[in-house]
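Heads up, the thing below is written out as structure tokens.
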Amino acid sequence: MFRVKALTRYAAVLLACAAPILPLAAQEVSPAPAVSQQVPAGAPKLLVAISIDQFSADIFAQYRQHFTGGFVRLTQGAVFPAGYQSHAATETCPGHSTILTGNRPAHTGIIANSWIDQTVTTGPKVVYCAEDVSKRTAGSRDYVASPVHLLVPTLGEWMKKANPAARNIAVSGKDRGALMMGGHDIDQVYWWKGKQFVTLAGRQLGPTAVAQNAEIDRLLAKGAGEFPLPAYCRRADRAVQAGDVSVGNGHFALKAGEPEQFRVSPRLDRATLDLAVKLVDEQKLGRNTVPDLLAVSLSATDYVGHATGTEGAEMCIQLTQLDLALGDFFASLDKRGIDYAVVLTADHGGFDIPERLHEQGLEKTSRVGPEVSAEALSATLGKRYGLEPKSLILSDGPAGDYWLRKDLDIGLKGKIIDDASAILMTSPFVEKVLSAAEIAATPMPQGSPETWTLAERARASYNPLHSGDFVVMLKRGVVAIPQARKGYVATHGSPWDYDRRVPILFWRKGMTGFEQPSGVETVDIAPSLAALIGLKIPQGAFDGRCLDLDGGVGNTCGVVK
């Protein structure tokens, strides 16, 4: 497998920025006009890769009939309505790491949003996937964002390696979204933090980001009213109690001076797309002699999903507004006369709150119990073996990777793993426990991802640099949140298809569209885009394969039919 070390070349060419394109506080926006279908000649000048955080194939299917904006355009292209983030650890960082690297987490090294590293000497042993641990300072609660843990190049980096004139730009509502799609060698990168867009340490904000932050400041200072509730959202507009939290009937009013309300709302995605359009102008994207890449990760769907679940009025409003914002974004690119190609997908799916699912015919769903926690296992097994229970077993949540204390004898480790597995398998919440040895011995999966075993899904997530000593997989329908709290009532991360299946949509003006329901993977995106622009990549650089995006007699993979 071809691998490269982290690149260090950085460039920042600051050009004049255009006026804002997308209205941040827009309540209703007309659908984007139809675009000419004349087929452009040659490779597109701009690749636009869009990831919608927590946009499952299920929710795409549920709302598809109601879309009138940007999604309508994309469904006229090459539509894979049920693609796969095929690995087990369906979280934001691993998912984003697959999209433009063409590699599964086993090779990207991004096995989860965070993992345990017992060699860390400063601060907690938990390492965030987009954190440069070497830059930690004692006592600081902040971290230095970096793609340092990403072990393979992104498509934008391959493009710049082939021709340094190519521009590689990324913008997101989350640092891990931007950095995992942009990679190490990136010209401009921005993400939302606190109450503004920021960039990498040591870099200055460009004029477009400064202008965008100023616009957001003005909106935060005055606040904004609720978003309108579409008629088709009315049946979802009712309160549901999840523990001490009531969700289901929020309409996203923005109180002045409340950036958290801005973040968990459709306004964040519109601001992100607004900044993306400004960067197209500032960086003259799509106007070079070689193709450029713009990666856009839209985070609000995930924030709304975690805070309110996937089936309330909040999600219905969020997807309605996102559809309209995407329509405006594409219309802005059309007005600039840019020959661009788009791929839109998601980093993972999502699952609704058990409390609402119980009312909707899905009784066999629940929140995970406390016996699955690393703390409970440590107490039981520490007593059994006469060991100090503190930090005997470590994890970053009640599922996924678990680590044993690093100073344990290897033979003792094996016994504790066996005992932990036996205990966990008595829990009504646990489906399977796999040791690292079992996962490593599993061949890398082949064939259609919907047929993979749980061990194969775990293998696609396993990297010996970062993965734990064993992996815990909860039963289908068990939510890995023991108790709902404000801002965090629902989640994802399971090996089940409601978290693995995501839409994958390709569009370019004039392309012969088609719909293919078979399960392709997000790792197929990078090789497909590389072929579209004629970029030669070394054999073995991708886990994915090129998808022929021409629904007619042509073949975008360069293969004669």
Side-chain angles (χ1 to χ4, degrees), residues 22-32 50-75 79 81-83 92 172-173 177 226-238 240 247-254 261-273 296-330 342 344-353 356 360 489-492 498-499 501-505 507:
L22 306 177
L24 277 179
Q27 302 293 296
E28 289 281 11
V29 185
S30 300
I50 302 173
S51 172
I52 300 175
D53 205 318
Q54 203 182 137
F55 188 53
S56 69
D58 293 335
I59 209 165
F60 171 64
Q62 179 180 343
Y63 284 95
R64 187 172 175 177
Q65 63 181 312
H66 300 298
F67 292 138
T68 62
F71 285 117
V72 173
R73 177 183 300 205
L74 296 177
T75 56
V79 178
T92 297
S172 175
E226 295 182 344
F227 284 92
L229 183 75
Y232 57 83
C233 296
R234 289 173 186 164
R235 67 176 185 173
D237 189 28
R238 63 184 185 86
V240 177
V247 299
N249 60 348
H251 297 178
F252 301 113
L254 177 63
Q261 291 180 354
F262 178 92
R263 181 181 69 92
V264 188
S265 82
R267 297 179 181 90
L268 176 61
D269 284 346
R270 189 166 278 277
T272 305
L273 289 166
V296 183
S297 173
L298 302 171
S299 305
T301 303
D302 187 68
Y303 288 136
V304 171
H306 282 304
T308 68
T310 62
E311 293 298 320
E314 300 93 342
M315 185 59 75
C316 195
I317 292 170
Q318 159 61 20
L319 294 178
T320 300
Q321 292 297 321
L322 174 58
D323 177 47
L324 296 172
L326 285 169
D328 288 345
F329 173 68
F330 296 143
V342 181
L344 183 146
T345 189
D347 55 346
H348 53 73
F351 198 61
D352 197 29
I353 58 173
R356 184 159 42 213
Q360 297 177 345
V489 299
T491 193
H492 46 84
Y498 51 75
D499 283 341
R501 291 192 310 121
V502 296
I504 303 176
L505 314 173
W507 180 89

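These figures come from a predicted structure and were not determined experimentally. Counting begins at 1 with the first residue of the sequence.
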Residues passing the side-chain hydrogen bond (donor to acceptor under 3.5 Å, both in side chains) test with D302, sequence neighbours excluded, are Q54, K174, H306, H492
With D499, which residues qualify under salt bridge (Lys or Arg N to Asp or Glu O under 4.0 Å), at least two apart? none
State which residues pass salt bridge (Lys or Arg N to Asp or Glu O under 4.0 Å) with D237; sequence neighbours excluded, sorted by chain then number. none
Evaluate the side-chain proximity of F252 to V304: yes if any heavy-atom separation is below 4.5 Å, no if none is. yes
Taking the side chain as C-beta and beyond, is there a heavy-atom pair between L268 and F262 under 4.5 Å? yes
side-chain hydrogen bond (donor to acceptor under 3.5 Å, both in side chains) filter on D323, not counting sequence neighbours, yields none
Over all atoms of both residues, closest heavy-atom pair of S56 and G349: CB-CA, 3.5 Å
For G305 against A490, the heavy-atom pair lying closest together: O-CB, 3.5 Å
For the student: nearest non-hydrogen atoms of A57 and A82, plus distance: CB-CA, 4.1 Å
Taking side chain as C-beta onward, heavy atoms only, is P266 less than 4.5 Å from L322? no
Applying side-chain hydrogen bond (donor to acceptor under 3.5 Å, both in side chains), name anything that partners T301, two or more places apart in sequence or on another chain. Q318
R238: what forms a salt bridge (Lys or Arg N to Asp or Glu O under 4.0 Å) with it, not counting sequence neighbours? E359
Name the one of L344, I50, V342 that satisfies side-chain contact (heavy atoms from CB on, under 4.5 Å) with L505? L344
List in chain and number order the residues that pass ring pair (Phe, Tyr, Trp, His ring centres under 6.0 Å) with Y303, two or more places apart in sequence or in another chain; answer none if no residue qualifies. none
Closest non-hydrogen atoms of S172 and G177, given as atom of the first, atom of the second and distance, are OG-CA, 3.9 Å
Over all atoms of both residues, closest heavy-atom pair of F67 and V72: O-CG2, 3.2 Å
Could you tell me if the side chain of D328 sits less than 4.5 Å from the side chain of R270, heavy atoms only? yes
Mind listing the side-chain donor-acceptor pairs of residues 59-66 below 3.5 Å, one per line with the distance, residues two or more places apart or on another chain?
from	atom 1	to	atom 2	distance (Å)
Q62	NE2	E311	OE1	3.0
R64	NH1	E515	OE2	2.9
R64	NH2	E515	OE1	2.8

With the side chain counted from C-beta on, respond yes when T68 and L324 share a heavy-atom pair under 4.5 Å apart, and no when they do not. yes
If you define the side chain from C-beta out and look only at heavy atoms, does anything of E314 sit under 4.5 Å from F227? no
Do L298 and D53 have side chains that get closer than 4.5 Å, going by heavy atoms? no
Partners of T310 by side-chain hydrogen bond (donor to acceptor under 3.5 Å, both in side chains), sequence neighbours excluded? none
If you compare all heavy atoms of A300 against all heavy atoms of D269, which two are closest, and at what distance to 0.1 Å? N-OD1, 3.1 Å
